Amino acid sequence: MSFPLLTATAALPAIGAIATAAVPAARRTAAKWLALLFSLGTLVLAAVVFLRFEPGGDRYQLIESRAWIADFGVRYELGVDGIGVALLGLTALLIPFVIAAGWHDADPLETKSSRWRPTQGFFALILMVEAMVILSFVATDVFLFYILFEAMLIPMYFLIGGFGDRAHAGTDESAATQRSYAAVKFLLYNLAGGLIMLAAVIGLYVVAGSFSLSEIAEARANGSLEMATSTERWLFLGFFFAFAIKAPLWPLHTWLPNAMGEATAPVAVLITAIVDKVGTFAMLRFCLGLFPEASKWATPVVITLALISIVYGALLAVGQRDIKRLIAYASISHFGFIILGIFAMTSQGQSGATLYMVNHGISTAALLLVAGFLITRRGSRLIADYGGVQKVAPVLAGTFLIGGLATLSLPGLAPFVSEFLVLVGTFSAYPVAGIIATSGIVLAALYVLVLYQRTMTGPVQESVRSMPDLRARELAVAVPLIAVLIFLGVFPKPLTEVVNPAVEHTMSDVQKKDPQPEVEAAK
């Protein structure tokens with residue numbers, strides 16, 4: 001029996017969560033190091049998965065399959081494709097930086113009881129989220145995926161509501177109220193989507209007689225699976241609604257600015273760079289894979305919603321006064337690009353969308369974590385409370401600028417490749433949509449450069465005059481992320497080689513081919 005590598009990769013952070021939570025209250029530093037070591041161990045296993053994956057091989061590799069709930073046809077079935085392995089790698093890469101950046105975010109205040117262990121709980125919850133997200137990227141049983149899709153909401157709820165941003169806390173009880181509101185809104189939105197998805201999951205089993213992606217695909221290929229058009233469309237809508245909330249797609253996005261604004265910067269990275277990717281990943285794997293005809297039927301509406309997300313998110317980012325909410329609305333705009341690339345139904349668009357998921361995660365992590373370091377120093381999230389930071393903390397300002405330039409997809413940085421492919425793929429199939437989407441690039445340049453100008457340039461405000469520059473731990477977070485952004489910006493081949501064959505499978509599922517350019521014959 002081969003070693004269950006995928007199970008081990010997901011189990012290691014889960015074991016780490018239990019071990020971290022069990023550390024005595026007085027040994028907070030030990031709990032932090034233990035969590036970091038488990039996250040690094042997970043990164044090593046993820047690297048092994050990446051190296052063992054063969055891009056030209058079977059669609060799903062490293063397969064594990066065991067009976068779970070036999071009476072209902074539910075199996076513990078795992079397998080990784082090119083898209084899943086890229087996002088698994090993203091998750092394992094970012095979690096150590098999330099832990100290192102949040103090193104002091106959950107240290108108890110002096111008024112806390114010594115028996116309370118907020119530090120241990122904070123890092124244990126992060127590791128538990130990592131375990132569930134990794135499993136969701138490799139689950140090939142629909143019911144197993146659904147369980148993970150819903151279960152990850154619980155630790156995220158406590159991370160948002162129980163470990164909120166202290167930048168504006170103090171003794172103001174309204175801060176705790178805002179955190180609770182953001183956490184409850186996050187939970188209710190995603191639970192509502194999950195309940196509708198559950199009905200669709202049950203409906204899929206009634207129609208297909210199985211939860212296994214491989215069995216459903218085989219039945220569809222040999223013609224034994226017959227699904228009425230109306231049935232397929234209703235099931236598609238049930239799945240898509242849940243994924244659109246998680247993504248988040250306009251108009252189901254309103255929970256994200258609240259959640260990111262009230263969470264600590266590392267938890268905000270966990271939300272938008274990791275957890276939200278489960279929604280866009282699931283659109284590729286489940287919506288297009290299980291319901292190809294319904295996906296094509298819904299394409300005009302989904303593209304319209306994606307374009308609204310791109311423009312709407314960017315416009316609201318321009319007008320924000322809060323640094324973290326600005327990044328939240330920018331992420332809504334970027335998720336619009338990802339969904340646009342998926343439903344453009346072209347190989348360039350879907351390859352670009354997958355790369356965008358990875359590159360957006362890295363660029364957002366770089367910008368948001370450095371912004372978190374800035375906010376911790378000043379104690380405010382308001383843009384107006386800053387000015388002239390580059391004169392007193394040039395390294396902090398420089399890393400913030402590179403993160404911002406990556407967010408606006410500057411050529412030479414990783415997101416540019418993704419955005420370019422999405423726009424090329426969209427324009428070849430839907431020229432008008434491609435033209436409208438380019439407005440998001442212009443608006444991104446506006447909100448990023450205005451943010452940098454207002455916080456980092458100009459006269460030095462008295463409140464930031466004694467601001468220290470990045471320390472060693474903070475540099476250890478920012479510098480590697482920037483290095484990855486530059487590396488993938490000039491050499492994206494390691495990712496494209498893995499992603500492109502998986503995209504070809506998805507294109508085959510929906511029976512779509514890239515549109516051929518029209519060339520007039522020479523006279």
Side-chain angles (χ1 to χ4, degrees), residues 98 101-107 109 122 159-183 185-186 253-273 313-314 316-333 364-390 392-393 396-397 399-401 403-404 407 447-458 460-468 470 474 477-478:
V98 167
W103 202 253
H104 298 298
D105 285 357
D107 288 348
L109 302 175
F122 179 75
L159 283 170
I160 297 169
F163 300 93
D165 191 354
R166 294 177 179 174
H168 66 308
T171 58
D172 188 1
E173 294 183 0
S174 66
T177 302
Q178 292 172 15
R179 288 197 299 271
S180 298
Y181 172 78
K185 189 174 184 179
F186 162 82
H253 68 284
T254 58
W255 62 269
L256 182 66
N258 296 101
M260 286 184 62
E262 298 305 322
T264 64
V267 173
V269 169
L270 198 62
I271 296 169
T272 190
L316 265 66
V318 171
Q320 288 303 306
R321 296 180 296 173
D322 183 306
I323 296 174
K324 288 167 68 177
R325 288 179 71 90
L326 184 152
I327 299 173
Y329 280 109
S331 291
I332 292 170
S333 181
T364 299
L367 178 61
L368 194 50
L369 292 179
V370 175
F373 299 149
L374 178 70
I375 291 168
T376 300
R377 285 161 165 72
R378 174 63 178 82
S380 173
R381 303 185 331 224
L382 297 179
I383 297 172
D385 289 339
Y386 296 88
V389 173
Q390 68 178 13
V392 297
L396 189 156
T399 53
F400 187 83
L401 176 60
T407 299
Y447 61 69
V448 167
L449 296 178
V450 168
L451 171 64
Y452 183 83
Q453 180 186 35
R454 292 178 178 176
T455 55
M456 302 296 169
T457 66
V460 179
Q461 287 206 17
E462 193 63 33
S463 57
V464 304
R465 191 170 296 278
S466 59
M467 179 178 290
L470 292 183
E474 296 164 335
V477 171

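Nothing here was measured: the structure is a model prediction, and the numbers come from that model.
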Stepwise, does the side chain to side chain contact (heavy atoms under 4.5 Å, CB included) test hold for D385 with S463?
CA-CA 8 Å; D385 289 339; S463 57; 5.5 Å; no
Give the intermediate values and the outcome of side chain to side chain contact (heavy atoms under 4.5 Å, CB included) for residues L374 and V370.
CA-CA 6 Å; L374 178 70; V370 175; 5.8 Å; no
Begin from the C-alpha positions of Q320 and Y329 and carry the test side chain to side chain contact (heavy atoms under 4.5 Å, CB included) through to its verdict.
CA-CA 9 Å; Q320 288 303 306; Y329 280 109; 3.5 Å; yes
Under the criterion side chain to side chain contact (heavy atoms under 4.5 Å, CB included), I'd like the reasoning laid out for R179 against I160: C-alpha separation, chi angles, the key distance, then a yes or no.
CA-CA 7 Å; R179 288 197 299 271; I160 297 169; 5.9 Å; no
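A distance-only check finds a donor-acceptor pair linking the side chain of T399 to the backbone of L396 [under 3.5 Å]. At distances below 3.5 Å, at least one donor-acceptor pair connects side-chain atoms of K324 with backbone N or O atoms of A263.
The CG atom of D105 sits 6.0 Å away from the OG1 atom of T376 when rounded to the nearest 0.5 Å. Remark: Y386 OH to L451 CG distance equals 10.5 Å, nearest 0.5 Å. Taking OH of Y452 as the reference point, atom CD1 of I383 lies at 14.5 Å (rounded to 0.5 Å). One distance of note links CZ of R325 with CG of L256; it measures 9.5 Å at 0.5 Å rounding. Note that the CE atom of M260 and the CD1 atom of I332 stand 9.0 Å from one another [nearest 0.5 Å]. Here CD1 of I375 is found 11.5 Å from CZ of R378. Values are rounded to the nearest 0.5 Å.
Shown here for P266 and A101, the closest heavy-atom pair between the two residues is CG-C, 3.9 Å. Minimum interatomic distance between F400 and A371 (heavy atoms only, all atoms of both residues): CE1-CB, 3.9 Å. Shortest non-hydrogen contact noted between A397 and M456 is CB-SD, 3.7 Å. Taking both residues in full, the closest heavy atoms of Y447 and A314 are given as CD2-O, 3.7 Å, listed atom of the first, atom of the second, then distance. A393 approaches P468 most closely through the heavy-atom pair CB-O, 4.0 Å.
For the side-chain contact (heavy atoms from CB on, under 4.5 Å) test with V448, the passing option among T407, I327, V318, L367 is T407; the others fail.
Ion pairing between E474 and R377 holds under the 4.0 Å rule for side-chain N and carboxylate O. Salt-bridge check for K185 with E262: failed, with every basic side-chain N at 4.0 Å or more from each acidic carboxylate O.
Using a 4.5 Å heavy-atom threshold, the side chains of N258 and Y181 count as touching. Side-chain contact between L470 and F373 is present, with heavy atoms from C-beta onward closer than 4.5 Å. Using a 4.5 Å heavy-atom cutoff, the side chains of W255 and I271 are in contact. Using a 4.5 Å cut-off on side-chain heavy atoms (C-beta onward), D322 and L326 make no contact.
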